[in-house]
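As structure tokens, the structure follows; a few thoughts come after it.
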Amino acid sequence: MKKMKLYESRDQMITLIRDNYNVLQAMSAFGIKLGFGDKTVHEVCQAQNVDTYTFLMVVNYIINGYRHQGPDEHISVPTLLRYLRASHEYFLGFQLPSIRKELDEALAEDQSMRRLILRLYDEYARAVLQHMKYEERNLFPYVEALLRGHKPTDYSVETFSQHHSDTTAMLTELKNIILKYLPSNGMANHRLTATLYYLYNNEEWLQLHSNVEDEIFTPAIRALEESIESRTANSRLTDMLTQASDTADSLSDREREVIVCLVQGMTNKEIADRLCISIHTVTTHRRNIARKLQIHSPAGLTIYAIVNNLIDINNVAL
């Protein structure tokens with residue numbers, strides 16, 4: 001078995017292309033321009049503002065099927081997002097229209113068959129368009145919100161996974177029809193053969209595009225979701241503690257004195273006598289304390305008094 005080669009940041013970029021020219025399409029999606037000489041992958045990525053680690057992760061997956069096992073905190077989600085957007089632009093703006101043009105020209109001499117084949121192709125192209133536009137309307141804005149630290153409640157990467165449809169069936173049918181049933185003369189045959197090559201190449205790259213979404217992008221988004229959920233939970237806990245602290249500060253000195261008396265087990269009359277106030281005033285203080293602290297039990301007030309240093313735990317009968 002041939003040993004898998006994993007490309008590294010110190011490898012020359014041109015070596016990747018010599019080993020597998022399909023890397024060219026990935027480079028284009030990352031926005032890497034040609035003319036990089038003998039520079040290493042890291043030097044090219046750094047010069048063209050592309051995250052090296054993420055580029056190599058995608059390239060090694062495309063070429064060798066290699067994927068990091070488990071969550072990978074080194075993946076750059078913004079870089080992946082740019083890669084996927086650029087891939088959409090390539091497929092929708094260049095690849096699919098170019099293939100249609102090739103089909104149209106290859107079948108120019110048989111207008112009836114041309115219309116039928118183009119109808120099949122247009123159905124396939126429309127399915128790809130709907131698939132990618134769904135991601136652009138729903139998934140990509142969701143990821144951008146996550147990157148801003150906000151997690152919308154009406155969408156998740158799990159929702160995306162459930163709607164991640166396969167568009168290859170229609171393309172397979174189209175290829176089989178061309179291979180099995182289209183009669184052609186010499187030149188038309190050359191054109192159809194070349195167009196079939198484009199179709200197979202398009203199918204392969206769309207599948208790789210989908211796999212990158214499933215195997216690299218989706219796990220990275222799940223990790224981002226979990227990170228935000230964790231931060232949100234910690235923030236809520238901090239807010240609760242801060243609110244409790246603020247509430248403690250909002251108690252009056254008299255209310256604190258009433259709490260100490262209650263913790264010591266005094267009745268309303270005993271508290272009134274101790275503080276030289278009326279029983280009605282004691283009742284009012286107790287009602288305000290319960291409203292502010294949302295604590296109604298003697299045990300709860302005892303814990304509150306200890307935590308807020310209103311009374312020494314050693315002086316409490318437990």
Pair [X]-[Y], side-chain donor/acceptor within less than 3.5 Å:
X	Y	answer
Asn20	Tyr7	no
Tyr197	Glu102	no
Thr284	Thr281	no

Would a 4.5 Å heavy-atom cut-off, applied to side chains only, mark [X] and [Y] as touching?
X	Y	answer
Leu301	Leu293	yes
Asn201	Gln25	yes
Val212	Tyr83	yes
Pro298	Leu262	no
Met266	Asp273	no
Ile289	Ile259	yes
Val50	Arg82	no
Leu192	Leu107	yes

Lys/Arg N to Asp/Glu carboxylate O, Glu225 vs Arg222, below 4.0 Å: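 Salt bridge between Glu225 and Arg222, a charged N being under 4.0 Å from a carboxylate O: no.
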
Carboxylate-amine/guanidinium proximity below 4.0 Å for Arg126 and Glu123: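 Looking at Glu123 together with Arg126, the answer is no, because their closest N to O distance does not fall below 4.0 Å.
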
Nearest-0.5 Å distance that lies between atom [atom1] in [X] and atom [atom2] in [Y]:
X	Y	atom1	atom2	result
Ile221	Leu146	CD1	CG	6.5 Å
Asn22	Ile17	CG	CD1	11.5 Å
Ile271	Cys276	CD1	SG	13.0 Å

Evaluate Tyr124 against Ile99 for side chain to side chain contact (heavy atoms under 4.5 Å, CB included), listing each step before the verdict. CA-CA 12 Å; Tyr124 161 72; Ile99 293 175; over 6 Å; no

If hydrophobic clusters are built from ILVMFWY residues whose side chains come within less than 4.5 Å, do Tyr304 and Val307 share one?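 Different clusters.
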
Let me see the working for Ser227 and Ser230 under side chain to side chain donor-acceptor pair (under 3.5 Å), right down to the final yes or no. CA-CA 5 Å; Ser227 174; Ser230 176; over 6 Å; no

Go through it in stages, so that I can follow the logic: the residues are Asn308 and Arg256, the test is side chain to side chain donor-acceptor pair (under 3.5 Å), and I'd like the CA-CA distance, side-chain angles, deciding distance and then a yes or no. CA-CA 10 Å; Asn308 287 278; Arg256 292 189 181 90; over 6 Å; no

Going by atom type alone, with no hydrogens or angles, which donor-acceptor pairs under 3.5 Å involve a side-chain atom of residues 111-119 and a protein atom two or more places apart or on another chain?
residue, atom, partner, partner atom, Å
Gln111, OE1, Arg114, NH1, 3.3
Gln111, NE2, Ala108, O, 2.6
Arg114, NE, Asp104, OD1, 2.3
Arg114, NH2, Asp104, OD1, 3.1

Strictly distance-based, threshold 3.5 Å: is any side-chain N or O of [X] a donor or acceptor partner for the main-chain N or O of [Y]?
X	Y	result
Asp11	Glu8	yes
Thr193	Asn189	yes
Thr52	Cys45	no
Tyr121	Leu96	yes
Ser98	Phe94	yes

Heavy-atom count around Arg85 CZ within 6.0 Å, excluding the residue itself: above 12?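 For Arg85, atom CZ is crowded (more than 12 foreign heavy atoms under 6.0 Å).
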
Going through the checks in order, is the salt bridge (charged side-chain N to carboxylate O under 4.0 Å, His left out) test met by Glu105 and Lys101? CA-CA 6 Å; Glu105 293 176 355; Lys101 183 174 181 294; 2.7 Å; yes

Students often mix this up, so state it plainly: with edges at 30° and 60°, are the rings of Phe217 and Phe140 parallel, tilted or perpendicular?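 Perpendicular.
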
Tyr90 ring center near His209 ring center (under 6.0 Å):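 No, they do not, as the ring centres are separated by 6.0 Å or more.
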
Closest approach of Gly300 and Ser297, non-hydrogen atoms and distance?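 The pair with the smallest heavy-atom distance is N-OG, 3.0 Å.
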
